[in-house]
Number of protein chains: 2
Amino acid sequence: METNILDPNCPSRLVFQRIGDKWATLVIQVLEDGPQRFSDLRGKVAVITPKVLTHTLRSLERDGLLTRTVFAQVPPRVDYELTPLGRTLLEPLKALRHWAEANVSEMVLARDAFDEAQDAALLASSKGSFE
Amino acid sequence: METNILDPNCPSRLVFQRIGDKWATLVIQVLEDGPQRFSDLRGKVAVITPKVLTHTLRSLERDGLLTRTVFAQVPPRVDYELTPLGRTLLEPLKALRHWAEANVSEMVLARDAFDEAQDAALLASSKGSFE
DNA sequence: CAGCATCCTCTACGATACTG
DNA sequence: CAGTATCGTAGAGGATGCTG
């Protein structure tokens, strides 16, 4: 079976959609060290609101990347844990994070330079417009 | 310098934001084989509108991941090409794509199962509500 | 050819408040 | 503790048409 990421119908795009989620990748990486409670996650993934955390967790559960375990006790306790499938995502994610840590500074520099050039061009094109 | 992806101020998050872009990763991967013209990209990355393609390209250029070269001729010709920095992103991206190709089917299966269970639960909770 | 302008929709994300 | 409910916003993405 041919999987072509360029085909709009290719399910592989689902993965990039999930990775694209601002919070999903962070949650996954926090869960690397083992099961975590809702409040643990909420504390470690700064700064996420409970609504968004819930939504993120549900999506990841739906995709089979983590499990949700409810303990019948008071006060309630819910554990979230990566599934084997979820754990396999850790590797490529880590590669991405390492790239990020190594290269963001260069990216930010490029960004600043670009914006500056942009401003200069804008200023030049409007020179004399104030007087 | 400490880079912590969990810190909301950590610039590393910028990378995940860029990766998260629905189109950016696709464009980068298409550019692996060398410079491409606007219309080339438009044709290969199905199905992207010119507006969105332009926006994506600009963002990537701003971040120093690709260069934009205008040829002064008629009809106009503009080439987009990955920078060395952009090319280094290819590796982690490929890792992600391979993960996707290998595991999406399992993800989709999990998703279907989850949705089915959800439906069943919903149906059960509303049993008798119609009569 | 390589785009820009305009209008529109949809949803991710956030702030705040409340509950079993 | 682990959420849900409600309201609100910004921006991503799309459809269509026009231009140097």
Side-chain angles (χ1 to χ4, degrees), chain A residues 6 8-9 13-28 30-31 35-63 66-81 118 121-122 125, chain B residues 6 8-9 13-28 30-31 35-63 66-81 118 121-122 125:
Chain A
L6 297 181
N9 293 347
R13 287 202 178 178
L14 290 180
V15 174
F16 284 86
Q17 230 169 297
R18 185 105 334 288
I19 302 310
D21 186 318
K22 181 176 175 183
W23 301 107
T25 52
L26 301 180
V27 169
I28 291 176
V30 167
L31 283 175
Q36 309 268 336
R37 307 181 58 167
F38 189 87
S39 47
D40 290 337
L41 292 169
R42 203 185 160 182
K44 291 181 184 173
V45 183
V47 184
I48 191 171
T49 62
K51 190 190 89 171
V52 174
L53 180 55
T54 300
H55 175 248
T56 303
L57 257 10
R58 285 274 190 284
S59 302
L60 292 172
E61 187 194 359
R62 184 166 104 103
D63 289 343
L66 57 76
T67 57
R68 177 172 180 272
T69 313
V70 181
F71 296 89
Q73 60 184 50
V74 175
R77 168 193 182 137
V78 180
D79 273 16
Y80 293 91
E81 183 173 14
Q118 204 72 0
L122 232 81
S125 77
Chain B
L6 298 181
N9 293 348
R13 286 201 178 180
L14 290 180
V15 174
F16 284 86
Q17 230 169 296
R18 184 106 334 289
I19 302 310
D21 187 318
K22 180 177 175 184
W23 302 107
T25 52
L26 301 180
V27 169
I28 291 175
V30 167
L31 284 176
Q36 310 267 334
R37 306 180 56 167
F38 189 87
S39 46
D40 290 338
L41 292 168
R42 204 186 158 179
K44 292 182 183 172
V45 182
V47 185
I48 191 171
T49 62
K51 190 191 90 173
V52 175
L53 180 55
T54 300
H55 177 248
T56 303
L57 256 10
R58 285 275 190 285
S59 303
L60 293 173
E61 188 194 359
R62 185 165 103 105
D63 288 343
L66 58 76
T67 56
R68 178 173 179 271
T69 312
V70 181
F71 296 89
Q73 61 185 50
V74 176
R77 168 194 181 136
V78 180
D79 274 17
Y80 292 92
E81 183 173 13
Q118 203 71 0
L122 232 80
S125 77

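We name chains A, B, ... by the order of the sequence lines, and we start the count at 1 in each one. Owing to the predicted nature of the structure, the values given are computational and were not obtained by experimental measurement.
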Exercise for the section: Determine the contact category for A:Arg37: base if any of its heavy atoms lies under 4.0 Å from a base atom, sugar-phosphate if only primed atoms, P, OP1 or OP2 are that close, otherwise nothing. Expected result: sugar-phosphate

Exercise for the section: With heavy atoms under 4.0 Å as the rule, sort A:Lys22 into base, sugar-phosphate or nothing. Expected result: sugar-phosphate

In whole angstrom, give the distance that lies between atom [atom1] of [X] and atom [atom2] of [N].
X       : N      : atom1 : atom2 : result
A:Gln17 : C:dT11 : CD    : C1'   : 11 Å
A:His55 : C:dC10 : NE2   : P     : 16 Å
A:Ile48 : C:dC13 : CD1   : P     : 9 Å
B:Arg18 : D:dG11 : CZ    : P     : 14 Å
A:Asp21 : C:dA12 : CG    : C1'   : 8 Å
B:Arg68 : C:dC4  : CZ    : C1'   : 12 Å
B:Leu41 : C:dA2  : CG    : P     : 9 Å
B:Arg42 : C:dG3  : CZ    : C1'   : 10 Å

Practice task
For side-chain contact (heavy atoms from CB on, under 4.5 Å), just list the numbers for A:Leu57 and A:Leu41, CA-CA rounded to whole Å, side-chain angles, deciding distance to a tenth of an Å, and then say yes or no.
Solution key: CA-CA 10 Å; A:Leu57 257 10; A:Leu41 292 169; 4.1 Å; yes

Problem - Closest to side chain of A:Trp23, choosing from C:dA2, C:dC13, C:dG20 - result: C:dC13

Practice task
Consider the side chain of A:Thr49, meaning its heavy atoms from C-beta on, and name the nucleotide among C:dG14, C:dG3, D:dG13 that approaches it most closely.
Solution key: C:dG14

Short side-chain N/O contact from [X] to OP1 or OP2 of [N], under 4.0 Å:
X       : N     : result
A:Ser39 : D:dA2 : yes
B:Arg58 : C:dA2 : no
A:Tyr80 : D:dC1 : no

For a 4.5 angstrom cut-off between non-hydrogen side-chain atoms, does [X] reach [Y]?
X       : Y       : value
B:Leu26 : A:Arg13 : yes
A:Lys51 : A:Thr54 : no
A:Asp63 : A:Leu14 : no

Handout entry: Residue mapping more 5' on DNA chain D - nearest nucleotide basis, A:Pro76 or A:Thr54
Key = A:Pro76

Handout entry: Polar side-chain contact A:Lys51-D:dG3 base: donor and acceptor under 3.5 Å
Key = no

Handout entry: Atom pair CG/CG of B:Leu60 and B:Leu31 - distance to nearest 0.5 Å
Key = 8.5 Å

Completion exercise
Closest to the 5' end of DNA chain C, once A:Gly20 and A:Pro50 are matched to their nearest nucleotides, is A:Gly20

